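One structure below.
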Number of protein chains: 2
Amino acid sequence: MATLNDVAQRANVSKMTVSRTINHPEQVRPELRSAISQVMRDLNYQPNAAARALVSRCTRVIKLTIFEDMDTTEPYYMMLLAGIANELNRHQYALQLATRNSYEVGECDGYILTGIRDEDYAWVKQLQQPVVFFGRNLKGYDYVDTDNYQAIRDSTMYALHRGYTRLIFIGIAADKPFELDREQGFRELMAEKHLPAEVVRLANHGHVATKYIDEHWATMTPNTAFICASDRLAIGIEDGILLHGGRVPEDFGVIGFDGMLLNQVASKRLTTMKQPLEAMGQAAAKLLLTKINQPQPEQTKVIVKSKLSIAESTR
Amino acid sequence: MATLNDVAQRANVSKMTVSRTINHPEQVRPELRSAISQVMRDLNYQPNAAARALVSRCTRVIKLTIFEDMDTTEPYYMMLLAGIANELNRHQYALQLATRNSYEVGECDGYILTGIRDEDYAWVKQLQQPVVFFGRNLKGYDYVDTDNYQAIRDSTMYALHRGYTRLIFIGIAADKPFELDREQGFRELMAEKHLPAEVVRLANHGHVATKYIDEHWATMTPNTAFICASDRLAIGIEDGILLHGGRVPEDFGVIGFDGMLLNQVASKRLTTMKQPLEAMGQAAAKLLLTKINQPQPEQTKVIVKSKLSIAESTR
DNA sequence: CTGTTAGCGCCTTCAC
DNA sequence: GTGAAGGCGCTAACAG
């Protein structure tokens, strides 16, 4: 691998002039600059990242630490990764992936954290570098999230507008902030409309939702819409309805949440509240880079809007 | 951040002795060694990776470069990531994620490559560091893959054993090696059994498969099993059958391929050929680390066995 | 504008 | 066993 010195010798200048053509080109005479650039190309010169990191005290590495077990991880993380990776790339930062088991390996200039549990905050607290969370947190750290509350309000409102008169919220049986926000969005809108808020909480699996419909089919009345907290649940609900001969979307509407890949497997294309995960990844990366360059004193919250993607499971 | 020097001063020894307690502990007197270890702990000393990389010429970073567009990427990459990340972690290597757009950012000791197209091989060829492919390649590079051919043979054999007499292979409409291998596995086994090989190729979406069933329902006869090249297709096929009142698994069997998350959304739990993605990730990482430590002259192929996960969509 | 000096934190080599 | 010197590749600070 060619070094700064190799380039300097070939171009008959000192190392510093070469270094400057890279980092402060305006300080170098144009002729020299282009000559040096040519030599760099000839030698396929790539600056040594380690040497740079050593002297500049910054690694140009951002770590994404996923605290959840990856095997329970929603597939949509891939889109998040894509958003983060692309934004970092634009600024010549590398993305490093860490898990609960590997968070200490290697150095970085900043962290994006997701899936964190209470017991992990001690570790977060002692980090020297800036931190951005993916998903809301209540400890005062910066974060990027969707407005889960508003998203469910929008879904619910849409269902009402389409003329469904009975609404059932199918939530995820977990005490996570995102789930509570979604539930609250549903309850409050229903209260405002003076309608009863029927809320069910299920494990986040399609067949659990199907079973729920199965067991409660007798009580199901046409003109009902199911506002679901995930696409998996929505697909399970839809399957259950169809198996009992119910008509979707004429008599029963189904609205999902997430909108990544799973809705491609539904027999009807699912109406779903689409989380802009790639945009969220990008936003997280952007926020972190900003913080690295100019530390912000107070908490920054970036809320990205979800958008209803209307398809065949609602009329 | 504490440096080697800080530790040395506090322990009243030279930097070298500290360095040795880390890298060659057997060369340091036990008393000294434990005293120094204590100081390192007190100061929370972490060796500076950049400085180390600079002098040792190795970064302890492995890059996973995903050449596919991430937004078309199967969710199962997450499991692959998990397998790679955990294995690397055990050896104190960091995993860096790169895409088609960011493959030049930062240095590393080796590459794991996936989703590569013909035009990318020029870039691969000029890499200085060892390379392992995820997925078969015909250019002589080391790789880790499942035996797609054998996996489909096994699926097909299983369907026959369960007494389904007519088999239809639902393939993915793409000229990828993995798809061709799967198709071939089906064709050859059927030929051996003197049965007609019905092969259909569809875009890899559930609703496309459902539509296929819809349009061909008249020609479908009981005692048919569908050997599908993906879980998405399998779920779509199953949906189609159920919508037409067909009985799964009594009259129609459905076998998928991949077995990651998608099968959790099916109304019946899907029988599927489960790719051990985490194990494959681990194998890729292991192979790469081996190559880094002792370069191998000839091509190494690691074939990981897929295993049929039997559930409710076959009798 | 360009070159010289010095040092980032660590490890290899060679003395002691 | 342990320490002192030197250098990995790069850049900030100062000189010219």
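Remember, it's a predicted structure, so these values are computed and weren't measured experimentally. Every chain is numbered from 1, with letters handed out A, B, ... down the list of sequences.
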task = Dump the intermediate steps for side-chain hydrogen bond (donor to acceptor under 3.5 Å, both in side chains) on Gln129(A) and Asp109(A), then the final yes or no.
result = CA-CA 6 Å; Gln129(A) 294 84 357; Asp109(A) 294 347; over 6 Å; no
request  = Indicate, with a heavy-atom threshold strictly under 4.0 Å, whether Thr17(B) touches base, sugar-phosphate, or nothing.
outcome  = sugar-phosphate
Rounded to the nearest 0.5 Å, how far apart are [atom1] of [X] and [atom2] of [Y]?
X	Y	atom1	atom2	value
Phe133(A)	Gln299(A)	CZ	CD	10.0 Å
Gln46(A)	Met1(A)	CD	CE	5.0 Å
Leu288(A)	Ile84(A)	CG	CD1	9.5 Å

key: the helix from dC1(C)-dG16(D) to dC16(C)-dG1(D): angle between end helix axes, five pairs per end, rounded to 10 degrees   = 40°
message = Does the Lys NZ or Arg CZ of Arg136(A) fall within the cation-pi geometry relative to Tyr143(A) - under 6.0 Å from the ring centre and within 45° of the axis?
response = no
request  = Would you please test Ser230(A) and Asn204(A) for side-chain hydrogen bond (donor to acceptor under 3.5 Å, both in side chains) and show each step?
outcome  = CA-CA 7 Å; Ser230(A) 80; Asn204(A) 191 20; 2.6 Å; yes
With heavy-atom distances below 4.5 Å as the criterion, would you say the side chains of [X] and [Y] are in contact?
X	Y	answer
Val18(A)	Asn5(A)	no
Ile62(A)	Ile112(A)	yes
Ile303(A)	Thr146(A)	no

Distances under 3.5 Å only, N/O to N/O: pair up the protein atoms with those of nucleotides 9-13 of chain C.
unit_1, atom_1, unit_2, atom_2, d
dG9(C), OP1, Arg57(A), NH2, 2.5
dC10(C), OP1, Tyr45(B), OH, 2.5
dC10(C), OP1, Asn48(B), N, 3.0
dC10(C), OP2, Leu4(B), N, 2.4
dC10(C), N4, Lys15(B), NZ, 3.0
dC11(C), OP1, Asn23(B), ND2, 3.0
dC11(C), OP1, Arg52(B), NE, 3.0
dC11(C), OP2, Ser19(B), OG, 2.8
dC11(C), OP2, Asn23(B), ND2, 3.3

query = For Val13(B), does its backbone N or O pair with a side-chain atom of Thr17(B) as donor and acceptor, under 3.5 Å?
reply = no
query = Taking only residues two or more places apart in sequence or in another chain, which ones pass side-chain contact (heavy atoms from CB on, under 4.5 Å) with Lys291(B)?
reply =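 Only Pro130(B), Val132(B), Asp142(B), Leu287(B), Gln296(B) meet the side-chain contact (heavy atoms from CB on, under 4.5 Å) criterion with Lys291(B).
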query = Looking at residues 25-43 of chain B, who's got a heavy atom less than 4.0 Å off DNA chain C?
reply = none
Distance-only donor-acceptor hits, side chain of residues 118-127 of chain B, under 3.5 Å, sequence neighbours excluded:
unit_1, atom_1, unit_2, atom_2, d
Asp120(B), OD1, Arg100(B), NH1, 3.2
Asp120(B), OD2, Arg117(B), N, 3.0
Gln126(B), NE2, Trp123(B), O, 2.7

key: Bounds of contact between DNA chain D and chain B, in 5' to 3' order, using a heavy-atom cut-off under 4.0 Å   = dG1(D) to dG9(D)
